[in-house]
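Please read the structure below before turning to the comments.
Residue numbers start from 1 in every chain, and the chains themselves are labelled A, B, ... in the order their sequence lines are given, proteins ahead of strands.
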Amino acid sequence: MDIELICLLSMLAVFLLANLLLKLPVSVSMILGAIVGALVGGQGIPVRHLFEGTFTYVDTMLIISTAMLFMMVVQESGALEALNAVIVTRFHKVPALMLILLMFVIMFPGMITGSSTAAVLSAGALVAPVLLMIGIPKEKAGAIIAMGAIMGMAAPPINIPAMLIGGGVDMPYIGFGGPLFLLTIPCAIFSVLFLGLKYCRNLDIEKLKEGLDTEVGKKYGFKLYLPIIVLIVLLVVSKAVPKFPQLGTCLIFLISAIVGLFTGKRFNFWKKSLEAMETTIPVLAKLMGVGMFIQVLTLVGARGWIVVSCLGLGMAFVYISTFTIMPAFGAISSYGAASVIGVPFLLVIIQNTSCNDIIVAAVLAFTCCLGDLMPPTALAGNYAAQIVGLKYKKVFLNCVIPFLFCIAAAVAVIFNTNALSFLSA
Amino acid sequence: MKKIIIIALAFAMVFCFASCSKGSSSSSAAATTTSAAATTTTTTAAATTPSTGTVDSEYDPNKTVDFVQQTSEENRVVTIGTIDKSLYATPVYVTSFGQSTDAAMLDTVMKRIGVDYVYNSTATADALKGYKTVVIAVGASTKGLGAAGISEAEETARAKEIMDYIKANDIEVICCHIGGSARRGTLSDEYADMVMAECSLIVLKEDANFDYKFTKYAEANNVPISLVYATKDTLTVFTEVFN
Amino acid sequence: MGYLKNILVIAIALLFAIPAAIDFRAMHKDEPIAENPNVTEIKMLSEYCDGLKGTDLDTEIYVFDSGVPGGDFLILGGTHPNESASPLAAITMVENFKATKGRVFIIPWTNKSGFTHTSPLDGMQDFYSITLSDGSVRTFRVGNRLTNPVDQWPDYTYYENVSGRELKGTETPEIRNVDRLYYGNENGVLTEQVCAAIYNLINEEGVDLTMDMHEGSPEFLYLDCTMVNMKADNQTAMSIAQSMALDMQFDDLDMRAEYSGVKSYGLSHRSLGDNTASMMTLMETYNPSMGPLHGKMDDDLIINGNEPLYYQAHIDGYIYFDVPEDGYPLVERVARHVTCVTYLAKAFSETYPDRAIAFEGLGSYYDMVDAGMGNLLKPVN
């Protein structure tokens, strides 16, 4: 057996043991896996490598942290609640459009934090009662929230698996917006309509209004949405106008968050910031663990070994694995799937085909995100089930068809990357 | 139960990786090339152009052709047919069809063998006035054309003009293809065909003959062809031709 | 209790951070170069661009002046510090050369800041060691192809360099790549000032011929290849390069010459060639440690260049370069660079006898390979 394979197996084994049996956090399990991998690979405890890997994603971590602060401000100021109320009261006569807009609300926190957990816990928690009020059964509402959170996690501007995969092959996180929108928006629309449309035929608006907070919107008016508008404008302008002053994503989130402090309900910024950061720390820790894991994987040669072995088996194997093993790996960690499998698979595909590398990376990242549905970890799924008061099993079964639709969309895109290459420009 | 499922999944994945290992080692054994003393039999898995790259070759990287090479490290030059050296009067004019760097290599070769020659990679037909022998390096290079600021259409027009002049003035032509398999493609082949139609000798770096295009033509048209193993062996051929 | 937990967490973090910091700091110390009495002067690059003075990017220029009138040859090593054979070939030349006609300028650490860090997630070595014939050990750094962000940060999301190359999208980190910012700008970012200093050096010293030594990962298509700039006198430049290639082929060394890409703006061979009178060349050798498919990273991979994974990928038909089964040792790559430089000078001198450049000290390719790095490098105190 090749030494690289032994290293890989020992890293995975230690990770699984630590995570599943010792119940250690994913981040700590990855660190242990990395240390054991380095020891098995004859590298001792390579402190410099462990340190270097840990800080690879420091830019990403800063973005997630500032995005989380922004999300907290938007939620606490009442903007999200007001948005729910507006969508339902304005669009209840067109239920399909209403559902789609509610889906976008669920996605929004995931889009800007890159975390499905953030989406479920913030917007998901706010939209769930609305969905139940409309008459959507609990298991379907749970599935809508889970799928929305995952689509939000995968949608731009922040997609952490895409950053992990890109980082692994020295590809900056630029040009992913188009392909990720193409993948996530149709899938999100299909999911919400498939799961919820038939329950929204005859809506009683007066009854619905009872459950909504329509006051906050009336009280603060349009300015409530200013932070979201500032965010979108700055993100779009800094991308569309290359010579615009270079603010950077972190500063844009912070500016937008500061705007939000003066546009809606007052709250204790310090206390809420600490709470928001507390929910974010595990995500940041995971990124550090993933960085360390992949650094050691490369150091001991296991990354190269995976790619060369896959090359030996042919492209069919790579494509099949992309759409089966990668989401399945999400049962352990979708970030882990991105770094352990996503990076080598991207290398195989771009070395072996003339595919557009950014679109391939986007598809791989999208597939990794779907892993957040996989039990037992099922970050998005478990939280969504918890919100609607069910066990995850029932919610999971309702996610199967939308999940397969997403896989089909990913397959369609990966085989047409060149025709779609304009999206990554 | 869930734990058992996930552990089973993880093991399934691990076995996938394990099977990768077996696959790669067996393919290694299968792909070992065989070599004999005089001739080398190779299966040209012509993957010389990774799709992400931009080399000038255009031929299908997945095309596999059984190719028996006649030249080898020991037998570096193989000439099929008889070269009539008396045809090639000096001074010689050296030019390029396709602006690849091969013409500059011919410039160096001519300099080394000390023949009386003039080299201009972008020569026009008028420049050939007074010359009885022209050596043309065929092979298109997008980099070379770009560097020279010449479009494909302009280069093709120049080539046609030169060939018309050569036909009209009864000039001896040596077709020289020394860029190897990387210098095969639609445009390169077009220039090669153009020159071969009028030439009295073909000098070819043999790996470019992977589909027998050149030897087939030489045999059908009774044109002598000198196959060389490496670019440097053109020195041997031209030393003999120009004595 | 809460405080205790915090202190414990910080202590564990420091346990990793302090040794790592010591490791990283060690990369800021230049490897010593053995004294060579034939070096006539050691200049600093900041003499050609004030902005570099006192920064991590200021670097030494070793000057060999033969005292015999002739041409000037500039040899750049370490443009990309992770391409180990490049700085090592430059150091080997500095320790052994003696100019006999004209002048030779050698810069071993062109992007000196790049030598102070490694590329995250690539699992690169920070150092490798070579045992000399006297038993002493010399250690060399493996850096990163880009300037350390500690010296130049952040990367702009859009940057247009002087030669017209737009750095955007996937190219934004290249704002820290010396070989994307030629012909430089004295008022630009620090990396660009290095380019400006080299541009000024070429102009002020009247450099006739420049070689930028590089290595590439096995996936790269231009290995064992020399890029040559095309300008008004292009035929001569390419013929000089082809003469070098032919000489190398007669030594049984694969070598070809290619024109600079038309749009390779910002690269040395294109933009310095376009904007100075010097004949610009850039050569690449194979370095498997740089490729994403590399196996276990250690001294052996860097020094012996033996990577079975790449050999396998080549056999499977995925790697264009003819990956040698037994590896491509560092000494062969260094010798190839030195040989290329030697034959270039020879061909140039034959073409322009009044600007002849000549040097001695390292012998033929096979002399160098037979001697091994342990003999080519000199002991240092």
Side-chain angles (χ1 to χ4, degrees), chain A residues 2-4 7 41-43 45-59 164 166-172 174-175 238-239 241-244 246 248 291 294-309 311-312 339 343-344 347-348 351-352 357-358 424-425, chain C residues 12-13 15-24 26-27 117-127 144-146 149 154-160 166-174 218-219 288 291-298 301 307-319:
Chain A
D2 296 337
I3 180 69
E4 291 90 349
C7 290
Q43 301 279 4
I45 298 183
V47 178
R48 185 181 66 84
H49 286 288
L50 298 177
F51 195 84
E52 191 170 273
T54 306
F55 280 87
T56 305
Y57 297 111
V58 71
D59 292 9
L164 293 171
V169 296
D170 213 7
M171 177 196 287
I174 294 167
S238 64
K239 196 177 167 182
V241 186
K243 291 180 181 176
F244 187 75
Q246 311 273 328
I294 196 168
Q295 174 95 7
V296 171
L297 209 62
T298 315
L299 178 69
V300 298
R303 189 176 80 171
W305 182 89
I306 297 173
V307 181
V308 175
S309 302
L311 282 170
S339 55
V343 174
L347 285 169
V348 171
Q351 292 209 346
N352 203 24
D357 48 2
I358 294 175
S424 61
Chain C
I12 294 172
L15 201 68
F16 277 89
I18 290 172
I22 292 169
D23 262 15
F24 281 113
M27 293 187 78
H117 68 138
T118 44
S119 169
L121 295 196
D122 284 342
M124 289 300 285
Q125 293 274 101
D126 45 359
F127 293 99
N144 186 318
R145 64 197 282 275
L146 304 175
D155 297 340
Y156 301 155
T157 52
Y158 176 86
Y159 196 72
E160 185 177 349
E166 287 183 293
L167 300 177
K168 59 182 179 182
T170 53
E171 269 211 310
T172 49
E174 302 296 307
E219 293 85 354
L293 310 189
H294 71 72
K296 184 185 175 185
M297 177 62 71
D298 52 14
L301 178 57
E307 183 43 82
L309 289 177
Y310 270 112
Y311 180 68
Q312 182 62 50
H314 169 64
I315 292 296
D316 288 345
Y318 296 107
I319 299 289

Side chain, backbone, both or neither: which part of D126(C) has a non-hydrogen atom closer than 4.5 Å to chain A? both
CE of M297(C) to NE2 of H49(A), rounded to nearest 0.5 Å, is 8.0 Å
I would like to know whether K296(C) and Q43(A) meet side-chain contact (heavy atoms from CB on, under 4.5 Å); could you show each step before the answer? CA-CA 9 Å; K296(C) 184 185 175 185; Q43(A) 301 279 4; 3.8 Å; yes
Would you say the side chain of T118(C) lies within less than 4.5 Å of the side chain of R48(A), judging by non-hydrogen atoms? yes
Heavy-atom closest contact (W305(A) atom, L309(C) atom, distance): N-CD1, 3.5 Å
Separation between CG (L299(A)) and CG (D122(C)), nearest 0.5 Å, reads 11.0 Å
If you define the side chain from C-beta out and look only at heavy atoms, does anything of T298(A) sit under 4.5 Å from H294(C)? yes
Answer key: most heavy-atom pairs under 4.5 Å with chain A among A17(C), P154(C), G291(C) is A17(C)
To the nearest 0.5 Å, atom CZ of F51(A) lies from atom CG of D23(C) at 10.5 Å
If I measure from the heavy atoms of chain A, does A21(C) come under 4.5 Å with its side chain, its backbone, both, or neither? neither
Shortest non-hydrogen contact from P19(C) to V47(A)? CB-CG1, 4.0 Å
Measure the spacing between OG1 of T56(A) and CG of L121(C) and express it to the nearest 0.5 Å. 4.0 Å
